[in-house]
Amino acid sequence: MNTVVPERRLGLVLGGGGIAGIAWHTGVLHGLAQGGADLTSAARLIGTSAGATVAAQVGAGCALDELYDRQVDATSLVTELAPTLPVSELWELMLPIYTESVDEDERRRRLGRLALDARTVDEVVRRSVIAARLEGVDWQGGRVSVVACEATTGQRRVFDHTSGVGVVDAVAASCAVPGVWPPVTIDGSRYVDGGIWSLTNSDLATGCDLVVVLAPLSDQAMHVELAGLGTGVESVVITPDEASIAAFGADVLDPAVREPSARAGRAQGLREADRLAGALNG
């Protein structure tokens, strides 16, 4: 007698990582799909910062071929702003916050204050960049959740199709790196990058049997979050290999890293495809 294996409920978690992270996510997903491990039909898509952009695009049904071309084809590139604050200076500003804060709540509030006090481009200007990335994208299918943090309190907020907030504003909030980009105003509150809570927010992948995490930048919280999903949940984590790390360069916010990061991600995705296919069919 043939045994029918029930279909597994897949969660795809896409973490933060700047411009490099968007390109790498896109490349990895493209390579996985070409290698027979297409993750775009995941029941849940959870995006933080860079991952919020790609989660929204995939959730809206954007073709991976097209998304990949946007990262590597000079004629298809979306115009990105170069940050006025070098990433090396950003780390200098953040280091005391991470080393001196007595707990995580204080750290998040201090990062929010850094964001509120920073001199950045105008919020409208930054929003136009996010809107260009997400042209034609909306909350289709109800699969997508993106994460931001309220700047004053540091508390996490998860935006989805039930939030009454447009996808562009939600993604812009999730991508608002403190000190680099302006906090995003939504319903009278200011929001900053969801990565100040967690770089992946993997704990949101509840109700899934298999959780695949693409983490351009990883932190200890990710493993705690995944363990908290329960013993019956299988997780697969992909982090950048040596070639992808080299492609990211010294500044993951530099638009110049898009093409090399996407190409390195695609090559890594092709190499990971068999492992992922095994998990998907397990």
Side-chain angles (χ1 to χ4, degrees), residues 7-16 21-22 25 29 39-62 67 105 108 112 115 123-124 126-177 181-214 221-222 225-226 228-230 233 235:
E7 184 176 350
R8 308 179 80 185
R9 182 173 170 84
L10 171 64
L12 176 59
V13 177
L14 304 175
I22 294 173
H25 280 315
L29 290 172
L39 303 180
T40 59
S41 63
R44 297 203 61 196
L45 295 157
I46 298 162
T48 301
S49 198
T53 295
V54 182
Q57 292 169 330
V58 171
C62 297
L67 294 178
D105 287 338
R108 293 174 187 129
E123 189 177 335
V124 174
R126 172 62 175 166
R127 186 185 188 281
S128 68
V129 173
I130 307 300
R133 292 179 187 169
L134 300 177
E135 184 177 1
V137 169
D138 59 21
W139 296 114
Q140 295 182 31
R143 298 187 292 152
V144 178
S145 300
V146 302
V147 183
C149 287
E150 207 279 330
T152 302
T153 65
Q155 292 304 298
R156 180 169 72 173
R157 181 169 177 185
V158 182
F159 294 100
D160 59 23
H161 70 291
T162 69
S163 301
V165 175
V167 69
V168 171
D169 290 319
V171 171
S174 186
C175 295
V177 180
W181 306 122
V184 174
T185 305
I186 297 175
D187 297 332
S189 295
R190 308 292 302 284
Y191 290 91
V192 297
D193 198 307
I196 75 169
W197 185 276
S198 161
L199 286 171
T200 63
N201 292 283
S202 302
D203 61 302
L204 296 176
T206 54
C208 296
D209 306 302
L210 171 64
V211 178
V212 178
V213 183
L214 305 189
M222 173 181 67
E225 291 165 352
L226 289 172
L229 293 174
V233 179
S235 61

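Small disclaimer: the values here were computed from a predicted structure and weren't measured.
- Rounded to the nearest 0.5 angstrom, T40 OG1 and R143 CZ are separated by 7.0 Å.
- Between G154 and C149, the closest heavy-atom pair is O-SG, 4.0 Å.
- The two residues T48 and S198 have their closest heavy-atom pair at CG2-O, 3.6 Å.
- When atom types are taken as modelled, the side chain of R9 and the backbone of G207 share a donor-acceptor pair closer than 3.5 angstrom.
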Requested in this report: Evaluate side-chain contact (heavy atoms from CB on, under 4.5 Å) for I22 paired with R133, printing each intermediate quantity in order.
Outcome: CA-CA 10 Å; I22 294 173; R133 292 179 187 169; 3.5 Å; yes
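- The minimum heavy-atom distance between C208 and V233, with the atom names listed, is O-CG2, 3.4 Å.
- Scanning for side-chain contact (heavy atoms from CB on, under 4.5 Å) contacts around E123 gives P182, V184, T185, R190, with sequence neighbours left out.
- Going from atom CG of L67 over to atom SG of C62 covers 5.0 Å, rounded to the nearest 0.5 Å.
- Between the CH2 atom of W197 and the CG atom of D105 there is a distance of 6.5 Å, given to the nearest 0.5 Å.
- Contact of the L204 side chain with the R156 side chain is registered, since non-hydrogen atoms from C-beta on lie closer than 4.5 Å.
- Listed by chain and number, the residues in a side-chain contact (heavy atoms from CB on, under 4.5 Å) with A55 are L14, L45, V144 (sequence neighbours excluded).
- S235 places none of its side-chain heavy atoms less than 4.5 Å from the side chain of L229.
- In summary, of the residues considered (I46, V211, L226), a side-chain contact (heavy atoms from CB on, under 4.5 Å) with S202 occurs for L226 alone.
- Note that CD of Q155 and OG of S189 are 12.0 Å apart. Values are rounded to the nearest 0.5 Å.
- Here the shortest heavy-atom pairing between C175 and A50 reads SG-N, 4.3 Å.
- Remark: S174 engages no residue in a side chain to side chain donor-acceptor pair (under 3.5 Å) (not counting sequence neighbours).
- The shortest distance between side-chain heavy atoms of L29 and L39 falls below 4.5 Å.
- Contacts of D138 classified as salt bridge (Lys or Arg N to Asp or Glu O under 4.0 Å), with partners at least two apart in sequence or in another chain: none.
- Across all non-hydrogen atoms, the minimal contact from H25 to G15 is NE2-O, 2.8 Å.
- Results of the side-chain contact (heavy atoms from CB on, under 4.5 Å) test with V147 over T200, I196, N201, D193 single out N201 as the only residue that passes.
- Annotation: side chain of R157 is in contact with side chain of V165 (closest heavy-atom distance under 4.5 Å).
- Heavy-atom minimum distance, A115 versus V192: CB-CG1, 3.5 Å.
- With sequence neighbours excluded, the residues satisfying side-chain contact (heavy atoms from CB on, under 4.5 Å) with A60 are V137, Q140.
- Among residues two or more places apart in sequence or in another chain, the salt bridge (Lys or Arg N to Asp or Glu O under 4.0 Å) test is passed with R126 by none.
- Atom CZ of F159 and atom CG of D169 lie 8.5 Å apart (nearest 0.5 Å).
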